Number of protein chains: 2
Amino acid sequence: MDDDQLSRVRRFNRAVTHRIGVLDGNYLGSGRPLGEARLLFEIGREGTTVRELRARLGLDSGYISRLLRTFEAEGLTRLEPDARDARVRRVTLTPKGEREWDMLDQRSRDRAAALLEPLGPSQRQRLLDAMAEVERFLRASAVAIQPADPFSDEAQACLQAYFQELAARFDTGFDPARSAPAEPGDLVPPSGWFLVARLDGAAVGCGALKIQGDGYGEIKRMWVAPPVRGLGVAQRLLRALEERAAAAGVDVLRLDTNGSLTEARKLYARNGYGEIPPYNDNPYAQHWFEKRGLQSAR
Amino acid sequence: MDDDQLSRVRRFNRAVTHRIGVLDGNYLGSGRPLGEARLLFEIGREGTTVRELRARLGLDSGYISRLLRTFEAEGLTRLEPDARDARVRRVTLTPKGEREWDMLDQRSRDRAAALLEPLGPSQRQRLLDAMAEVERFLRASAVAIQPADPFSDEAQACLQAYFQELAARFDTGFDPARSAPAEPGDLVPPSGWFLVARLDGAAVGCGALKIQGDGYGEIKRMWVAPPVRGLGVAQRLLRALEERAAAAGVDVLRLDTNGSLTEARKLYARNGYGEIPPYNDNPYAQHWFEKRGLQSAR
DNA sequence: AATATTGTCTGACTAAAGTCAGAGATATGG
DNA sequence: CCATATCTCTGACTTTAGTCAGACAATATT
């Protein structure tokens, strides 16, 4: 990787932790240690369960329990068993706790304001735009692509989302049963792969490979959740599938797609897929693509 | 301030501290507590003084002293009195310390690489550009404009830099003695102001106001250091001077400038200054500007 | 109904990260 | 040369931020 690029990233990290970290690590000034402030803030005005807090902050349950007891001693929170599952506890803020929370919120708001305050309107806009861009790409870089079990709930949820989207985008609607088949059983090694793109553990995309034998395979079920589109996730899914295809001895990859999926067609064209005559009678397919020479590219 | 803008800033803060903080707070994995790792890293391959470390990291001197002793016990650093001032201690890394430092450096590099690695080339570029932009504007927002003593070393340094730059930019060179006078004594209340723009304590710009009486004043010595140009510092200096002028009863502000200072002319035009005939015989001035109605705008 | 799992709490510990009040060695301004 | 300030060090403390093992209650699984 380019050395200059790395040092630019590191420089950004330093700058941001210096300007924001300094300000943001300082939940201090609230007269409350950081851990307490974080927890109190995370409880939020609507309250949550202890379990949620544990998951979100990644803290030891004993530790949280103790912090919550100091809050209770101060009269900031109330703890009661959850209505649905009496093992879990619901934490809610008392009126006093709400005032404390509001104060923390105001502090956080003030810090943000202090950042923008010295800037003129156009500079503010540019800063905000750049922030949004950084955020987007940091999110993109946190997306991980991994093989998954196509029978899993996660995979099924992806496929559901995918089918629903097709149904919404096709004039004719979409019925999975009528389309070219790709049973979960075909999408596990050695006859295929099912890959999932995950962001912070949640699935935000998928793609499948069905190996037909004789050095020939098909790409299927390419889907990316709307919030992470335009971040190159599809590109990475495709590349990952191609790598696995090539490793499995596939030399020719085919796929079909619908005319309404413009982005998809561009993606394939950009990656060396050429349009070919129909190779199946999938009623939803309007374009068929092929890429040859995966083996020679290895 | 716009509420939506604030929440966007806060969102960015969260996202960045989440992604980078998670990666960066983890100097861990170095087998060394964060405090030690930070200190060791900050010492750097060239070494520093304890005093520097104290200032840069904002730590208690006792605390630093103790950390340094653990480093010495491990054979990572050497401490010796500074050549110039025997009160201060110089810390330098031993060869073993250098290896340890290199390891930390490599870790930091790896973390940066992990951020870029999943992205394609064009996305990388966009991320880096956006990072640079955010960094610039965070820097801009950290610039503070404050009144300063025009006799101070800081102010004199600014003026030196200003004169040097004029000398470099004017075809004719520049001799302060021949230009329109503005003695430090004229630039303190009640007859004037000298404002300094500071970034992290260091002066990066200045501007002066000379109140001539009869509701009339002059702007002088507007200068911004090259590294922070284009961030709106001059704009803010000008506005701050105008506010003080207006508060002091000035209604008409004038200033002169040279044709080679294009940015300056644009700045004045944008802020309601209109070109007028020469009002002095400053040999370096080629354009004279005036802004009226400061009192009515109050 | 028996067994396993999950969620919370308690008590007992630990490491990290500081804070504070001097003491002692230099330096600096008058 | 004296008073004052600066810098570092030491010892004695405190607070923060955890970790870990087990106990207990409620729920889920078989």
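Here is how names work: the chains are called A, B, and so on, in the same order as the sequence lines, proteins then strands, and each is numbered from 1. This is a predicted model, so every value here is computed, not measured.
Nearest to the side chain of B:L34, among D:dT27, D:dG18, C:dA17, sits C:dA17. Listed candidates were C:dG18, C:dT8, D:dT8. Nearest to the side chain of B:Y63 is C:dG18. Among D:dT27, D:dC9, D:dC7, the nucleotide with an atom closest to any side-chain atom of B:R54 is D:dC7. Taking the side chain of A:V88 as heavy atoms from C-beta on, and the options C:dT5, C:dT8, D:dC9, the nearest nucleotide is C:dT8. Looking at the side chain of A:P33, the nearest of the listed nucleotides D:dC7, D:dT16, C:dG7 is D:dT16. Taking every side-chain heavy atom of B:R51 into account, D:dT8 is the closest of C:dC9, D:dT8, D:dA17.
For the atom pair CZ (A:F163) and SG (A:C158), the distance works out to 11.0 Å, reported to the nearest 0.5 Å. The CD atom of A:Q164 lies 9.5 Å from the CH2 atom of A:W223; values are rounded to the nearest 0.5 Å.
Here B:D85 lies in heavy-atom contact (under 4.0 Å) with sugar-phosphate atoms only. Within the nucleic acid shown, B:R66 comes within 4.0 Å of at least one base atom, counting heavy atoms only. Residue-level contact check: B:L39 touches neither bases nor backbone, having no heavy atom under 4.0 Å from any strand. Within the 4.0 angstrom heavy-atom criterion, only backbone atoms of the sugar-phosphate kind lie near A:L79; the bases stay farther away. Counting any heavy atom pair closer than 4.0 Å across all strands shown, B:G35 reaches sugar-phosphate atoms only and no base atom.
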Expected list for residues 76-83 of chain B: side-chain donor-acceptor pairs under 3.5 angstrom, two or more places apart:
{"residue": "B:D82", "atom": "OD1", "partner": "B:R90", "partner atom": "NE", "Å": "3.3"}
{"residue": "B:D82", "atom": "OD2", "partner": "B:R84", "partner atom": "N", "Å": "3.1"}
{"residue": "B:D82", "atom": "OD2", "partner": "B:D85", "partner atom": "N", "Å": "3.3"}

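In this structure, the CZ atom of A:R84 is 13 Å from the P atom of D:dT27, given to the nearest Å. Atom CZ in B:R87 sits roughly 16 Å away from atom P in D:dT4 (whole-Å rounding). For the pair A:R32 CZ and D:dA17 P, the computed distance is 12 Å after rounding to whole Å. Put simply, CZ on A:R90 is 11 Å from P on C:dT8, counting in whole angstrom units. The CG atom of A:D60 sits 17 Å away from the P atom of C:dA12 (whole-angstrom rounding). Distance, A:E80 CD to C:dT8 P: 14 Å, rounded to whole Å.
Take the nearest nucleotide of DNA chain D for A:L67 and for B:S61: the residue whose nucleotide is more 5' is B:S61. Nucleotides of DNA chain D nearest to B:L68 and A:E36 differ in position, and the one nearer the 5' end is that of B:L68.
Residue B:R89 has a polar side-chain atom (N or O) positioned under 4.0 Å from OP1 or OP2 of D:dC9.
In this structure, B:R10 pairs ionically with A:D105, as a charged nitrogen and a carboxylate oxygen lie closer than 4.0 Å.
Residue A:R56 qualifies as enclosed at atom CZ: its count of foreign heavy atoms under 6.0 Å is above 12.
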